[in-house]
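For reference, the structure discussed in these notes is given below.
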Amino acid sequence: MKSSERHKLKENEFARRVAQAREAIGARGRDISTILMVVVVALVMVGGYTWWRQSRNVKANTKLAEALAVYEAPVVTVAAPAPGSPVPVQQPGTYPTEQAKLEAALPKLVDAANAYPNTDAGIAARYQAAAVLSVVGRPAEAEQRYQEVLDKASRGSIYSRTAKLGQAEAQVAQGKYDSAIATYRELSVDSSAQLPVDGILMHLGRACVKAGKKDDAVRAFNRVVEEFAQSVYGADARRELAEAKKG
C-alpha cells in the first residue's frame, strides 16, 4: 500500500473517531442537561415548599399570639359608679371577669386552630381551646377538642400526652367515669408519658370515688402515700385515703 493511501486511511480513521467522540459527548451532554434540569426543578420545589412552610408557620404563630394575648389579658373589675356619675369605661385590653376573658379568647383560639390545623401553633391553639372549654363548663366540647389534638399531634409529643389527661378530666365532668379511669390507669403505668404519676394517681382516685369504686380509690391514694413520700399531694392523699376507707 502506498504511503499516501495509508495516510488517507489514518485520516479517515481519525475523522471517524472524532465523529464518534462528538456523538458520545452530544448524547452525554443531553443526559447531563436533563439531569441538571431535574436537579434545578427539584431545588426550586424544595425551596418553594420550605418558603411556603415557613410562611405558613409565621402566620400560624401570629394567629396563636393574637389569641393568647386575649387569653393572658388582665382582669380588671370596674367599680360601680357613684350616684349621678357616668358608668366607668372598661380599660382597653382588659376584661371585667375571668369568664368574660376566656369567652373572648375562645373563638380566637378556635380560629387559629382551624386556619392552620397541622402546624405546631395550630395544635397548641386547639389544645388551649379545649382547656378553656373545660374551665367555662363545656366538657363535651372540650373532650372533642382534646380528641382532635390527639388525632393531629405526633404520638409521644407533650400535647398528645397532656391531651389524654385533659380528655379524661372532661369525661369525669360528664360522668363518663369508666373511660376516664381507663385513661388514668394507662397514664399511671406509662413510663414514657413523662407526666407526674402522683398527680395522675390523685385524679384516678378521685374518679374512682365518684364512680363508687372505693376499693380502687383506696389503692390509688395508697400508692401516692407509699410510693411518693415527698409528694405535694401527700396530705391530700392521706385525707382522701381515710375518707375512701370510711366509705
Side-chain angles (χ1 to χ4, degrees), residues 68 71-72 98-99 102-103 105-106 109-110 113 117 120 122-247:
L68 291 178
Y71 177 77
E72 296 170 355
E98 187 71 17
Q99 180 82 8
L102 294 178
E103 293 286 0
L106 183 57
L109 289 166
V110 172
D120 290 343
I123 292 170
R126 196 174 300 277
Y127 177 88
Q128 198 61 54
V132 169
L133 286 165
S134 289
V135 173
V136 300
R138 293 157 66 177
E141 294 174 70
E143 180 184 4
Q144 182 180 348
R145 295 290 89 77
Y146 279 126
Q147 183 58 53
E148 290 168 0
V149 173
L150 290 170
D151 292 340
K152 293 180 180 298
S154 59
R155 185 176 177 81
S157 71
I158 185 62
Y159 286 115
S160 179
R161 294 191 296 269
T162 53
K164 277 190 177 182
L165 190 59
Q167 187 177 55
E169 292 174 6
Q171 289 169 342
V172 168
Q174 299 173 77
K176 298 180 179 180
Y177 301 123
D178 289 343
S179 297
I181 289 170
T183 297
Y184 289 138
R185 281 178 175 156
E186 176 190 342
L187 290 173
S188 71
V189 297
D190 184 0
S191 59
S192 66
Q194 297 179 343
L195 296 173
V197 176
D198 52 345
I200 294 170
L201 288 170
M202 291 299 294
H203 282 294
L204 173 59
R206 289 164 180 167
C208 288
V209 168
K210 291 181 179 180
K213 300 180 178 183
K214 298 299 177 69
D215 291 342
D216 291 337
V218 167
R219 280 191 287 271
F221 293 134
N222 201 50
R223 278 192 63 189
V224 178
V225 173
E226 292 185 351
E227 298 176 25
F228 303 92
Q230 305 302 318
S231 172
V232 295
Y233 300 103
D236 289 338
R238 290 183 180 86
R239 175 176 51 78
E240 294 182 50
L241 174 61
E243 291 175 359
K245 285 181 176 178
K246 289 177 184 178

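- In this structure, the side chain of R238 engages the main chain of G234 through a donor-acceptor pair within 3.5 Å.
- Closest non-hydrogen pair, V224 versus D198, comes out as CG2-O, 3.8 Å.
- Minimum heavy-atom separation, K214 to A244: CB-O, 4.2 Å.
- Going from atom OG of S154 over to atom CD1 of I123 covers 7.0 Å, rounded to the nearest 0.5 Å.
- By the side-chain hydrogen bond (donor to acceptor under 3.5 Å, both in side chains) test, E141 pairs with R138, sequence neighbours left out.
- R239 meets the salt bridge (Lys or Arg N to Asp or Glu O under 4.0 Å) test with D236, E243; sequence neighbours excluded.
- Using a 4.5 Å cut-off on side-chain heavy atoms (C-beta onward), Y146 and S134 make contact.
- Exactly one residue among Q174, K176, E169 makes a side-chain contact (heavy atoms from CB on, under 4.5 Å) with P139. That residue is Q174.
- Counting only heavy atoms from C-beta outward, the side chains of I181 and R185 approach each other to under 4.5 Å.
- Note: L195 CG to I158 CD1 = 6.0 Å, rounded to the nearest 0.5 Å.
- When all heavy atoms of G205 and F221 are compared, the pair lying nearest together is C-CZ, 3.5 Å.
- Between V149 and S160, the closest side-chain pair of non-hydrogen atoms is not below 4.5 Å.
- For the pair S188/R223, a side-chain contact is recorded, criterion being any heavy-atom separation below 4.5 Å from C-beta on.
- For the atom pair L201 CG and H203 NE2, the distance stands at 10.5 Å (nearest 0.5 Å).
- If you take CG on L165 and OG1 on T183, they are separated by 9.0 Å, rounding to the nearest 0.5 Å.
- Nearest heavy atom pair, residue A130 against residue R145, reads CB-CB, 3.5 Å.
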side-chain contact (heavy atoms from CB on, under 4.5 Å), that's the test. Do K213 and D178 meet it? Break it down for me.
CA-CA 10 Å; K213 300 180 178 183; D178 289 343; 3.0 Å; yes
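- When side chains are defined from C-beta on, R219 counts as touching D216, because their heavy atoms get closer than 4.5 Å.
- Using a 4.5 Å cut-off on side-chain heavy atoms (C-beta onward), L150 and Q167 make contact.
- The two atoms that bring A124 and Y159 nearest to each other are CB-OH, 3.2 Å, heavy atoms only.
- Note that CZ of R126 and CG of D151 are 9.5 Å apart. Values are rounded to the nearest 0.5 Å.
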Give the intermediate values and the outcome of side-chain contact (heavy atoms from CB on, under 4.5 Å) for residues M202 and S231.
CA-CA 11 Å; M202 291 299 294; S231 172; over 6 Å; no
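- Side-chain contact between Y71 and L106: absent, with no pair of heavy atoms (C-beta onward) separated by less than 4.5 Å.
- One finds the CG atom of N222 at 12.0 Å from the CG atom of D215 (value rounded to the nearest 0.5 Å).
- Although no hydrogens or angles enter the test, the distance criterion places no donor-acceptor pair under 3.5 Å between the side chain of Q144 and the main chain of A140.
- Counted by atom type alone, Q147 and E143 present zero donor-acceptor pairs between their side chains at under 3.5 Å.
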